[in-house]
Amino acid sequence: MRGGEKTASTIDLEMEGDTLREECGVFGILGHDDASAITALGLHALQHRGQEASGIVTYDGDQFRSERHLGLVGEKFTNKETIDQLRGPFAIGHVRYSTTGEPALRNVQPLFAELDGGGIAVCHNGNFTNGLTLRRQLIKDGAICQSTSDSEVVLQLIARSRHAKIVDRFIDAISQMEGGYSLVALTPKKLIGARDPFGIRPLVLGDLNGAPILASETCALDIIGAKFIREVENGEVVVCTPAGIESYFPFGKRPARPCIFEYIYFSRPDSVLGGRSVYDVRKSFGQILAQESPVDADVVVPVPDSGVPSALGFARESGMPFELGIIRNHYVGRTFIEPTQQIRTLGVKLKHSANRAQIEGKRVVLVDDSLVRGTTSLKIVEMIREAGAREVHFRLASPPIKYSDYYGIDTPVREKLLAAKYDLSGMCNYIGADSLAFLSVDGVYRAMGYEGRDNENPQFTDHCFTGDYPTPLTDLNNEDDNRQAPRLVEVG
């Protein structure tokens, strides 16, 4: 939040204090007559990855066409007139939740630039941990930046590359980037995808009747009836043309470390990631959690919606009944644009209601995916007690979040993370539960099919739990140098 302004999204954050904000979602298709409509459907399937803004860029063989808007995909890309204007068989699209750059139209992706060899549009999911440092140097060298998004740095580096071919210029640009990312770019002849050297952020390759597709998750392929081909490998650059698909590994081969939070929270439950059903993995988290932290209680209740699969696993393993003891209102998010203080005080009750018939007089086990600030968990515990629960036990299907993220997840500064401030007893007292337990780090890995975490060569990026960051944090280390000068704030 900048300048003290309150927006719908910042108010949502007040009411969802324990929610990690998703990063972004990308989609691209090459060589289909309904490219823009298919891209809109793909973005609709990826809407859970970003609800702040959406955009589509197409190429019709003569010129690029762009539509970018603040708001949901369904609000902007469902009318025939908009889709008809986005002509052409090539398209890429993006849904956004900002982790860098304020929520303004100029930051909505895909971003487009005219180069000496033709136009190029780029969108990305993730975060560059040296983006601000590179941006500062580019501006010092004379670059004029039109956005505050770190995605523009990629365009600037492509434009300045001395290589002749666009693919070489693209590779030259991303070879200077650090962090976790998946990128999709569109040129007059190519659809290009790239995944960071550790594979932190996801990207999959699909096919729709001969038209290659790049997308953040397999659920975007399912909605359009496309065939899943494979995941783009860590450190891979995929180049799709009408003649076929080429693959490059400019960074050399190294072990992958995908982000564990894609399994815990971000990916849609019906997606398949790393050959694993996300839904099944989340149930396994709950099963291992029940083994590690059993509790004598009467009923297992998920904190909807993300806690449902883990709660099912917990209930199955513990032998306790599973009940929907909390009902979520999915429509409140945009109801109160400027709520009164009284409404904000109600907080979680705007989005969650206790199902008293399933709670009253019972010892309740609440299961959620993660705990961040603790504010919502506190209110949910209060709500369950008010509904007549005899005891309230809280179980989290992930380890304590002790460290901030710098790869595209909008976590608070470390000082605001509950697990960074308190030990287990202190956290339990803060949220007012009778008991509190988290899934262990090794438990996460056992649920993923490993014996435990390989501390020498970790199988996943799990820095939020362990503090083990796989890449340099250049911008963080250069924080004082990267403080930006006053800039334009869009108000209309």
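Residues take their numbers from the sequence shown, with the count starting at 1. As the structure is a prediction and not an experimental result, all values here were calculated from the model.
Atom-to-atom distance recorded for Ile56:CD1 and Leu43:CG is 5.5 Å, nearest 0.5 angstrom. The CZ atom of Phe128 sits 13.0 Å away from atom CZ of Arg135, with the distance rounded to the nearest 0.5 Å. Between Leu273 atom CG and Arg276 atom CZ the span is 8.5 Å, to the nearest 0.5 Å. Atom CD of residue Glu217 and atom CZ of residue Phe228 lie 12.0 Å apart, to the nearest 0.5 angstrom. Note: Ser161 OG to Leu157 CG = 9.0 Å, rounded to the nearest 0.5 Å. Rounding to the nearest 0.5 angstrom, the gap separating the CZ atom in Arg195 from the CD1 atom in Ile174 is 13.0 Å.
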What pairs of donor and acceptor atoms, side-chain ones from residues 176-185 against any protein atom, are under 3.5 angstrom apart with sequence neighbours left out?
{"residue": "Gln176", "atom": "NE2", "partner": "Asp172", "partner atom": "O", "Å": "3.2"}
{"residue": "Glu178", "atom": "OE1", "partner": "Thr474", "partner atom": "OG1", "Å": "2.6"}
{"residue": "Ser182", "atom": "OG", "partner": "Pro202", "partner atom": "O", "Å": "3.2"}

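A salt bridge between Glu52 and Arg96 is present, with a side-chain N of the basic residue lying under 4.0 Å from a carboxylate O of the acidic one. We find that Asp468 and Arg257 are joined by a salt bridge, their nearest charged nitrogen and carboxylate oxygen being less than 4.0 Å apart.
Minimum interatomic distance between Leu86 and Arg65 (heavy atoms only, all atoms of both residues): CD2-O, 3.8 Å. For Ile223 against His44, the heavy-atom pair with the smallest separation is CD1-CD2, 4.1 Å. Nearest heavy atom pair, residue Ile213 against residue Ala226, reads CD1-CB, 3.8 Å. Considering all non-hydrogen atoms of both residues, Ile245 and Cys240 come closest at CG1-SG, 4.1 Å. Taking every heavy atom of both residues into account, Pro269 and Ser277 meet most closely at O-OG, 4.4 Å. Here the closest heavy-atom approach between residue Asn127 and residue Gly408 is recorded as CB-N, 3.3 Å.
Listed for the Ser66 side chain is no donor-acceptor partner under 3.5 Å among the backbone atoms of Val57. The closest donor-acceptor contact from the side chain of Ser36 to the backbone of Arg87 lies at 3.5 Å or more, if one exists at all. Glu233 contributes no side-chain N or O that, together with a main-chain N or O of Gly199, makes up a donor-acceptor pair within less than 3.5 Å. Asp369 contributes no side-chain N or O that, together with a main-chain N or O of Ala397, makes up a donor-acceptor pair within less than 3.5 Å. Between the side chain of Thr411 and the main chain of Asp405, a donor-acceptor pair closer than 3.5 Å is present.
Inter-residue side-chain proximity for Pro242 and Leu30 is flagged as met; some heavy-atom pair is nearer than 4.5 Å. Proximity of Leu371 to Pro400: side-chain heavy atoms (C-beta onward) are nowhere separated by under 4.5 Å. Residues Pro399 and Val444 are in side-chain contact: their nearest non-hydrogen atoms beyond the backbone lie under 4.5 Å apart. Side-chain contact between Asn329 and Lys351 is absent, with no heavy-atom pair separated by less than 4.5 Å. Contact annotation: the side chain of Thr471 never approaches that of Tyr406 to less than 4.5 Å [non-hydrogen atoms, C-beta and beyond]. With a 4.5 Å cut-off on side-chain heavy atoms, Arg49 and Ser267 count as touching. Contact annotation: the side chain of His69 never approaches that of Glu75 to less than 4.5 Å [non-hydrogen atoms, C-beta and beyond]. Side-chain contact between Ile260 and Met448 is present, with at least one heavy-atom pair separated by less than 4.5 Å.
Other residues, nucleotides and ligands contribute over 12 non-hydrogen atoms within 6.0 Å of the NZ atom of Lys421. Within a 6.0 Å sphere centred on CG of Asp270, other residues, nucleotides and ligands contribute more than 12 heavy atoms.
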(request) Any chance you could lay out the side chain to side chain contact (heavy atoms under 4.5 Å, CB included) test for Glu262 and Arg201, step after step, and finish with the verdict? (result) CA-CA 8 Å; Glu262 292 290 345; Arg201 300 269 70 90; 3.2 Å; yes

(request) Dump the intermediate steps for side chain to side chain contact (heavy atoms under 4.5 Å, CB included) on Ser306 and Asp368, then the final yes or no. (result) CA-CA 7 Å; Ser306 56; Asp368 204 355; 3.9 Å; yes

(request) Begin from the C-alpha positions of Phe261 and Phe465 and carry the test ring-ring contact (aromatic ring centres under 6.0 Å, His included) through to its verdict. (result) CA-CA 10 Å; Phe261 259 105; Phe465 313 132; 5.4 Å; yes

(request) List the steps and the verdict of side-chain hydrogen bond (donor to acceptor under 3.5 Å, both in side chains) for Glu152 and Ser147. (result) CA-CA 7 Å; Glu152 187 175 4; Ser147 76; 2.7 Å; yes

(request) Show the numbers, then the answer: is there a side chain to side chain contact (heavy atoms under 4.5 Å, CB included) between Leu476 and Thr129? (result) CA-CA 8 Å; Leu476 183 67; Thr129 55; over 6 Å; no

(request) Using the side chain to side chain contact (heavy atoms under 4.5 Å, CB included) rule, take Leu138 and Cys145 through it: C-alpha gap first, then chi angles, then the decisive distance, then the call. (result) CA-CA 9 Å; Leu138 286 165; Cys145 293; 5.5 Å; no

(request) Kindly determine whether Asp222 and Arg268 satisfy salt bridge (charged side-chain N to carboxylate O under 4.0 Å, His left out), including the steps that lead there. (result) CA-CA 12 Å; Asp222 296 337; Arg268 235 171 65 166; over 6 Å; no

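The aromatic rings of Phe460 and Tyr263 stand perpendicular to each other, their planes meeting at an angle above 60°, with 30° marking the opposite boundary. The aromatic rings of Phe90 and Tyr59 sit tilted relative to each other, their planes meeting at an angle between 30° and 60°.
Here the rule is ring-ring contact (aromatic ring centres under 6.0 Å, His included) with His463, and of Phe198, Tyr407, Tyr403 only Tyr407 fits it. Test Thr39, Asp34, Leu208 against Ile224 for side-chain contact (heavy atoms from CB on, under 4.5 Å) and you get one pass: Leu208.
Under 3.5 Å, the side chains of Ser149 and Ser151 contain a donor-acceptor pair of N or O atoms. Side-chain atoms of Thr133 and Asp475 include a donor-acceptor pair closer than 3.5 Å.
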